[in-house]
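In what follows, a structure is listed as structure tokens, so that the remarks can point back to it.
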Amino acid sequence: LALLVFLLGTGVCSAAEKLPNLIGTWIVKSEGAVLTKGSSPGDWTHYQGRLSNITAELVITKQEGRVFYGTITSKLASENLAGVIGWDNKTLYLVDMDGFTDATLVSPDKITSIYRHTTDKDSVVAAGVWTRIK
């Protein structure tokens, strides 16, 4: 029994040691579609027009275990975000001021993502690639 507890305990420690470090600056290139419900998109919307490509900077400033925080800034908006690293240590789940992102860590410096939000002003869906630059 003691051996089993030891082996299970070391397995948990090993999984924690394999967590990716996401802190840094990432360039986000994304293709999105927007449905505007009024005369203008929402305050935190990074896209404009029905079909839209953006380049943004995502800075992840803090990570504690699986939880991380940062800010994404494009030419149209800037917003804070929070995220967690999934149990497979590759899947990322994020929320920002008005939406959600599901992402996959492809390599230590590349992430692919799907973003979506629906607000009273607009709805957005986008596919992106994040590349760490530092």
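Computed from heavy atoms alone, side chains included, the values below leave out hydrogens, waters and symmetry copies. Numbers for residues simply follow the sequence, beginning at 1. Computed from a predicted structure; not experimentally measured.
- Remark: Asp120 pairs with no residue by the side-chain contact (heavy atoms from CB on, under 4.5 Å) rule, at least two apart or across chains.
- In this structure, Lys75 and Thr55 have side chains that are not in contact, with every pair of non-hydrogen atoms separated by 4.5 Å or more.
- Residues passing the side-chain contact (heavy atoms from CB on, under 4.5 Å) test with Thr131, sequence neighbours excluded: Val129.
- For Thr61, there are no side chain to side chain donor-acceptor pair (under 3.5 Å) partners two or more places apart in sequence or in a different chain.
- Here the closest heavy-atom approach between residue Gly65 and residue Leu19 is recorded as C-CD1, 3.7 Å.
- Thr104 pairs by the side chain to side chain donor-acceptor pair (under 3.5 Å) definition with nothing, not counting sequence neighbours.
- Between the CD atom of Glu79 and the CG atom of Asp96 there is a distance of 3.5 Å, given to the nearest 0.5 Å.
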Item to complete: Would you check, one step at a time, whether the test side chain to side chain contact (heavy atoms under 4.5 Å, CB included) holds for Leu105 with Ile85?
Response: CA-CA 9 Å; Leu105 187 64; Ile85 300 168; over 6 Å; no
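- Taking OG1 from Thr101 and CG from Leu92, the interatomic distance works out to 9.5 Å, rounded to the nearest 0.5 Å.
- Taken to the nearest 0.5 Å, the CD1 atom of Ile54 stands 11.0 Å off from the NZ atom of Lys29.
- Atom CD1 of Ile72 sits about 9.5 Å away from atom CD1 of Ile60, to the nearest 0.5 Å.
- Contacts of Thr118 classified as side chain to side chain donor-acceptor pair (under 3.5 Å), with partners at least two apart in sequence or in another chain: Ser123.
- Residues meeting the side chain to side chain donor-acceptor pair (under 3.5 Å) test with Ser113, sequence neighbours left out: Trp130.
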Practice prompt. Before giving the answer on side chain to side chain contact (heavy atoms under 4.5 Å, CB included), spell out for Arg66 and Asn89 the whole-Å C-alpha distance, their side-chain angles and the decisive distance to 0.1 Å.
Written response: CA-CA 8 Å; Arg66 294 187 178 281; Asn89 293 342; 2.9 Å; yes
Show me the donor-acceptor pairs within less than 3.5 Å that the side chains of residues 20-28 make with the rest of the protein, sequence neighbours left out.
residue	atom	partner	partner atom	Å
Asn21	OD1	Ile23	N	3.0
Trp26	NE1	Leu22	O	3.1

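- To the nearest 0.5 angstrom, Ser52 atom OG is 10.0 Å from Glu31 atom CD.
- Connectivity analysis of hydrophobic side chains (ILVMFWY, heavy atoms under 4.5 Å, direct or indirect) links Val84 to Val67, Tyr69, Tyr93.
- Expressed to the nearest 0.5 Å, how far CG of Leu94 lies from CD1 of Ile111 amounts to 8.0 Å.
- Residues satisfying the salt bridge (Lys or Arg N to Asp or Glu O under 4.0 Å) criterion with Lys90, sequence neighbours excluded, are absent altogether.
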